[in-house]
Amino acid sequence: MGQSRNTFGKNERLKSVIVLDRAFAEGEKLKAASILVRYTHSSFDAPFPYQVATTVSKRRFKRAVDRNRIKRLLREAWRLEKHRLLVGWSAGDPQRALVFIYIGREIPTFEACQNNIRKIIDVLIDDPIEKS
RNA sequence: ACGGUUGCCUUCAUCGCCUCACGCAAGUGGGGAGGAAAGUCCGGACAGCUCAGAGUGCCGUACUCCUCGAAAGGGAGAACCAUCAAACGUGAUGGGAUAGAAAGUGCUAUAGAAAUUUAAACCGCCGAUGGCUCGUAAGAGCACAGGUAAGGCUGAAAAGGUGGAGUAAGAGCCCACCAGUGGUGGAGUGAUCCACCAGCUUAGGUAAACCUUGCGGGCUGCAAGACCAUGUAAACUAGUGCUUGAGAGCUGCUCGCUCGAUGCUAGAGGGUAGGUCGCAUUAGAUCAAUGAUGAAGCUCGGUGUUGUUUAUUCAACAACGGGAACAGAAUCCGGCUUACACCGUAAAU
RNA sequence: GGCCUUGUAGCUCAACUGGAUAGAGCAUCGCAUUACGGAUGCGAAGGUUUGGGGUUCGAAUCCCUACAGGGUCA
């Protein structure tokens, strides 16, 4: 079912302030070009392995239009690529919180975002969620 | 400069986001950013603070009239300033937070004799009157007493201006006109303007310096505020107080009012920080929604080919590239300011 | 979202109550010294006082406005 329907609904997004703080404080770092990723173990009531948030610094992009644009591109790229992480995962297995931080200086193209997200997902597949 | 218009260029397809309705569910259907949503410069609604009370402070504001729910918004007007045209009437355009400097205080550098109140020390002018010297005398000289404020090249500003009369020299001392002040009358809703009369020339500038006067404002702002949930330490130390009263009620202070004893203040610590409402007339959340890809059409750009033209002109076709500016709602509304693509009008180049 | 606050040489700061040509240290450049460099000495350059407008005789300073930073709140 996941292959044909690449949804990205509300309960698939990382919203908890507590978990966000923990991800920034103790999360593992992962870098792909102009995207910085921080992730940590988490637990939530939804049938997905990951909860995801995107963020862009107000310092680097002053205009809200640019920040919205980048976050939309990142979300779209994640939506189209994340199905590979569903392989071999079933409800009840451990889950993770994931934060995308854009650290580039210019607005990226969609292709660049897609390539970088692919690389990140490759790494995440190689580093399966530890049982704890 | 003014006015206007559209707003990922449009349509379709696939995948997807927020929200509402229906449905057990799968899903189906409806709605989904702006003129500035921005800046937060004004104002209002709304909410809480005890009634939103009094005094004082503080803040804001400042020509007049009208208008708007209100405002520093809009309209019309008055005086002033600048520029241009003028030529002795004034007119046009533009500008600004435009009350009071005759209640008081402060500041006014440099320059200048002197910079703000008994102006007169200095350079000057005079020396009529008194004094001294010379001379028979008329008179001459001295510059001692004294008179005077016209002149002293500065300065943003020099204590009314110009002209006359007057004098030893001079002075609003006197006169005419002008300016200023006060009063009366008239015109206008009013700011203000016009005329006449009076006596006085006393009074530089600065209030976006303090200040005075008039008017306005209680304070804080949706992180206001209400509720639910979760969690801890009603513990420790020091001080203070217990109805004859410490303190609290977020207001600058005082009064008044209300509350007030397992209290209050300080120190060092412990713990929670999640959600609902507030919150939207059909956008609407609470890490925060409008996107991605493809195709076709339209349009713009330069390039190439062909035809055409006086022409670097016009047209057709082809592949390529682009779809633009400013910019993203978070309680709502009105105004202002700033940013900006295109079209129209006017002016200039 | 609301409310405060600050902008001066490349950097860190001065400039009294509005007064003259906006100063100082570090950094930069030149010269001297040295075989060369450093250090030292002498000298120079560097400013639309964030932009625009206003008040005033006079503005870094006062007022308005725009822009760019910084802080704070339950």
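Atoms considered below: every heavy atom in the structure, side chains included; atoms not considered: hydrogens, waters and symmetry mates. Convention: sequence-line order gives letters A, B, ...; per-chain numbering from 1.
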Residue met sooner reading RNA chain B from 5', once Asn68(A) and Thr54(A) are mapped to nucleotides: Thr54(A)
Take atom [atom1] of [X] and atom [atom2] of [N], then tell me their distance rounded to the nearest Å.
X         : N       : atom1 : atom2 : result
Asn116(A) : A292(B) : CG    : C1'   : 17 Å
Lys82(A)  : A292(B) : NZ    : C1'   : 15 Å
Leu74(A)  : G16(B)  : CG    : C1'   : 16 Å
Leu80(A)  : G291(B) : CG    : C1'   : 11 Å
Arg79(A)  : C18(B)  : CZ    : P     : 11 Å
His83(A)  : G16(B)  : NE2   : P     : 13 Å
Glu76(A)  : U293(B) : CD    : P     : 8 Å
Arg75(A)  : C287(B) : CZ    : P     : 13 Å

Check: [Y] and [X] side chains under 4.5 Å, non-hydrogen atoms:
X         : Y         : value
Gln51(A)  : Leu98(A)  : no
Val99(A)  : Tyr39(A)  : no
Arg118(A) : Asn115(A) : yes
Glu76(A)  : Gln114(A) : no
Arg84(A)  : Asp122(A) : yes

Taking atom [atom1] in both [N] and [M], what distance in whole Å separates the two?
N       : M       : atom1 : value
G44(B)  : C3(C)   : P     : 14 Å
U133(B) : G164(B) : C1'   : 42 Å
C197(B) : A191(B) : C1'   : 26 Å
A21(B)  : G284(B) : P     : 11 Å
A330(B) : U286(B) : C1'   : 9 Å
C26(C)  : C64(C)  : P     : 40 Å
U240(B) : G247(B) : C1'   : 10 Å
U232(B) : G270(B) : C1'   : 6 Å

For [N], is chi within 90° of 0 (syn) or not (anti)?
N       : value
G30(C)  : anti
A280(B) : syn
A114(B) : anti
G172(B) : syn
G267(B) : anti

Donor-acceptor pair under 3.5 Å: do we get one between Arg72(A)'s side chain and the base of C17(B)? no
Identified pairing partner of [N], criterion: Watson-Crick or G-U wobble below 3.5 Å:
N       : value
C17(B)  : G32(B)
U21(C)  : none
U276(B) : A226(B)
C210(B) : G104(B)
U40(C)  : A32(C)
U162(B) : A176(B)
A145(B) : U129(B)
A92(B)  : U83(B)

Between Asn68(A) and Arg72(A), is the side chain to side chain contact (heavy atoms under 4.5 Å, CB included) condition met? List the steps. CA-CA 6 Å; Asn68(A) 283 351; Arg72(A) 281 167 183 158; 4.2 Å; yes
Where Phe100(A) and Ile35(A) come nearest, the two heavy atoms and their spacing: CD2-CG2, 3.8 Å
